[in-house]
Amino acid sequence: MLELSVATVLARLESGQAEGLLRPLDVALAEFVAAHVPAALAMHPPAERETLTAALTLAAALTSHQAGRGHVCLDLTQLAANPIQTLGMRVPPSGADLPEQTDSFAAWLGQPTVCAWLTADQLNASGLVSGAAMGFPLRLHGHRLYLLRAWTEEQRVAGALAARARRPPTLPDVAAVQQSLVDLFGVPRNLNDWGQRQAVALALTRQVLLLTGGPGTGKTTTVLRMLVALQWQRQAAGQALAVIKLAAPTGKAAVRLSSAVKAERDKLVAALPSLDPALSGSLPSEVVTLHRLLGVKAGSRHFAFNHTHPLAVDIVVVDEASMVDLSMMAALVDALPAHTTLILVGDRNQLASVEAGAVLGQLCAAHGDYPPEVATWLAAVTGHAPAPPVETAASGLAAHTAVLTHSFRFCGDSGIGRLAEAVRQGDVAATESVWRQQPPDLSRHSQWEALLNVLDSEAGYRPYLEAVAARPALVLTEGVPDAAQQAVLDAWATAVLGKLGHCQVLAALRQGAWGVDKLNQRLVSDLTKRGRLTYREGEVWYAGRPVMMTQNDYALGLMNGDVGVTLAWPTGGLRVAFYSGEGTASGIRWVSINRLPKVETALAITVHKSQGSEYTHALLVLPPHAGAPILSRELVYTALTRAKQHFTLFAPPPASGEPAARTAVFDVAVGRQILRESGLAEAVAGFGTGVTPLW
């Protein structure tokens, strides 16, 4: 049997940090455990104490490492079977010198005995990873090992969702719901909107609902009609109209959704002239960020609203829910009163949140498993029987999930639509078939100059840069614009921002020659050479520089992800214009460049940062090699579905002297799926009583 000392484990962990395979945080947690565990194991014999401490030390580092990769927990079964794949590490190639391979942390973990030695039974023997050991930083549940905070958050979310899901459904009168659906959607002519009708009907029976669908499937349309139907239901029951809040994870997503919701609301009110004014007035027209909804406290992880001070709200809708991480979801459910209905909306196939957890993807793993009486009722009110259930994983919310499949944005011959579906399924052959057909809304390049030509055209950044140059000729009295002059400046900024939003370069990576940082530098330099920008070497700020907020600034009212554009101010100097979600009649907020230290150039942004946005033309830049784990079908699908009318793929060849990749990077990414480890779906399905909150 393998025996490892604490000193050996710590030395290996330090080498893993030196190789860049572990974070300093991972090693620091391991060192903390190594220093404090022996005293807690004083009742064990010295040899056993040493072994258990070594095991807990290694387990702490690896669990923390997984949290850094977005996993909620460490699966010990997968770790023992394939440690390198589970941990997302790469062993040095077989041709490497033996000393290097022997000293590699990944190679050491890959030895057959090391991770197989780290078993649930061994960790349980310490007595420290069970529920009885309050405060210990690790928690073991079955074959999953959690950081204590992640375990607590997962249980909190599972408990809140399970409590809502357990409440038996009340099935409204069939005739009344049929009439409501006709009022909202018209007389059914085909099955294109059947999924929307079913989702609205299902919402009338549920206190928690998951609504998922791809681009253009009508999620916003469905949500607005869902809210009207829920208000009608309350009126019929003699209840007061519900207080409704709409939220999104980021400021950018909130602004985009606010515009979509307002347009959809106006369309719906116009289509229903007899709609009660009080009811139409109850429909929200503004979408706020989750941080703002919960009342974030600056400089802390805590919120003003929580279980002791809940929100005064009856229905909460969260759009772009695929971007919501476990911690934020825990904070949200913590702040909801028991009676509140929660509706989560998003595309389960998109990239998950940057932080740990893939809440929507986990919860939508199964759908359509309705109880017989609910399935019969849905068939009666919609005129179409529900599709057979899809069970890909344990889930307590299969009967609370509605899936929209018909795209109203992309017609049958749309290249973007067909390519997105092939990518979603991970079908490399099907994607290549779409490319070969050369649909007009798809293009791909491998030479930088070709991509630059696209960007320096009407389909690229040229309209935006020309709008930047079309500076209004204004002479300000005393350096301050009057109302008329301010209106001219705001109209200019609005035009520039609107044109900027038509096209966006998306980078797969942040670091490296083709990462977002280097890509922005290259774009700025080359567009300057073409006379499109007035950048000077060494400058940080210049007219036309698009910038993205990288953190929330509550004093300015700007959120992480908000995009602005740098423009020349009439009196000299530069200011940045942002769309204003609230507070100004013009819809433009001007900010001095001296007040914006936490921004980055946004000619190119990461795919992650693009979530919640849509562009007329989206361009994805892939690196020449597919080594980075983030290169996956989720990343390609997310980038592809940002495009409304045209999508361009740029994949450069390997540098001179480098070996050519045997398989195209795009194909490798499509064939690679990111599966984040979590026990959330199973926890919701099997949630019992007696879980003690640790707040």
Side-chain angles (χ1 to χ4, degrees), residues 248 250-263 266 285-289 291-292 461-504 533-534 541-603 605 609-610 612-616:
T250 67
K252 184 168 59 171
V255 169
R256 184 190 67 80
L257 185 62
S258 289
S259 176
V261 165
K262 184 179 184 306
D266 292 347
S285 58
E286 180 192 26
V287 182
V288 299
T289 64
H291 284 85
R292 184 163 290 162
Y461 285 147
R462 183 193 290 175
Y464 141 68
L465 294 172
E466 289 177 343
V468 170
R471 171 183 171 184
L474 296 176
V475 178
L476 304 187
T477 305
E478 299 180 356
V480 179
D482 59 28
Q485 291 172 325
Q486 188 64 60
V488 171
L489 290 170
D490 290 348
W492 175 43
T494 300
V496 174
L497 285 167
K499 287 179 168 56
L500 174 63
H502 284 302
C503 176
Q504 184 63 62
L533 287 172
T534 56
W541 292 98
Y542 46 89
R545 181 194 180 196
V547 295
M548 175 178 283
M549 295 289 293
T550 57
Q551 67 180 34
N552 297 334
D553 190 320
Y554 296 97
L556 293 176
L558 297 173
M559 299 292 110
N560 184 9
D562 285 353
V563 173
V565 64
T566 311
L567 298 173
W569 193 247
T571 56
L574 301 168
R575 294 193 184 183
V576 182
F578 291 89
Y579 280 127
S580 175
E582 57 186 12
T584 65
S586 67
I588 294 293
R589 178 182 284 113
W590 294 87
V591 182
S592 167
I593 59 174
N594 297 321
R595 297 191 64 188
L596 289 171
K598 300 296 184 182
V599 296
E600 57 187 25
T601 303
L603 283 170
I605 63 175
K609 288 286 189 178
S610 75
S613 298
E614 293 177 342
Y615 312 101
T616 304

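Heads up: numbering here begins at 1 and tracks the sequence.
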Close side-chain approach of V576 to W590, heavy-atom, < 4.5 Å: no

Any C503 side-chain heavy atom under 4.5 Å of T616 side chain: no

Nearest non-hydrogen partners of G501 and Y615, listed with the distance: O-CD2, 3.3 Å

Approximate separation, where rounding is to 0.5 Å, of T601 OG1 and W541 CH2: 8.0 Å

Value rounded to 0.5 Å, distance of CZ in F578 from CG in L596: 5.0 Å

Reported CG-to-CG distance for the pair L556 and D562, which is rounded to 0.5 angstrom: 10.5 Å

Least distance between heavy atoms, A248 atom then V287 atom: N-CG1, 3.9 Å

Interatomic distance, L500 atom CG to Y461 atom OH [nearest 0.5 angstrom]: 6.5 Å

CG-NZ distance between L257 and K262, expressed to the nearest 0.5 angstrom: 14.0 Å

Where L567 and A577 come nearest, the two heavy atoms and their spacing: CD1-CB, 4.3 Å

Value rounded to 0.5 Å, distance of CD in Q504 from OG in S610: 8.0 Å

Closest contact, heavy atoms only, Y579 versus G498: OH-N, 3.3 Å

Smallest separation among heavy atoms of L489 and P570, with atom names: CD2-CG, 3.8 Å

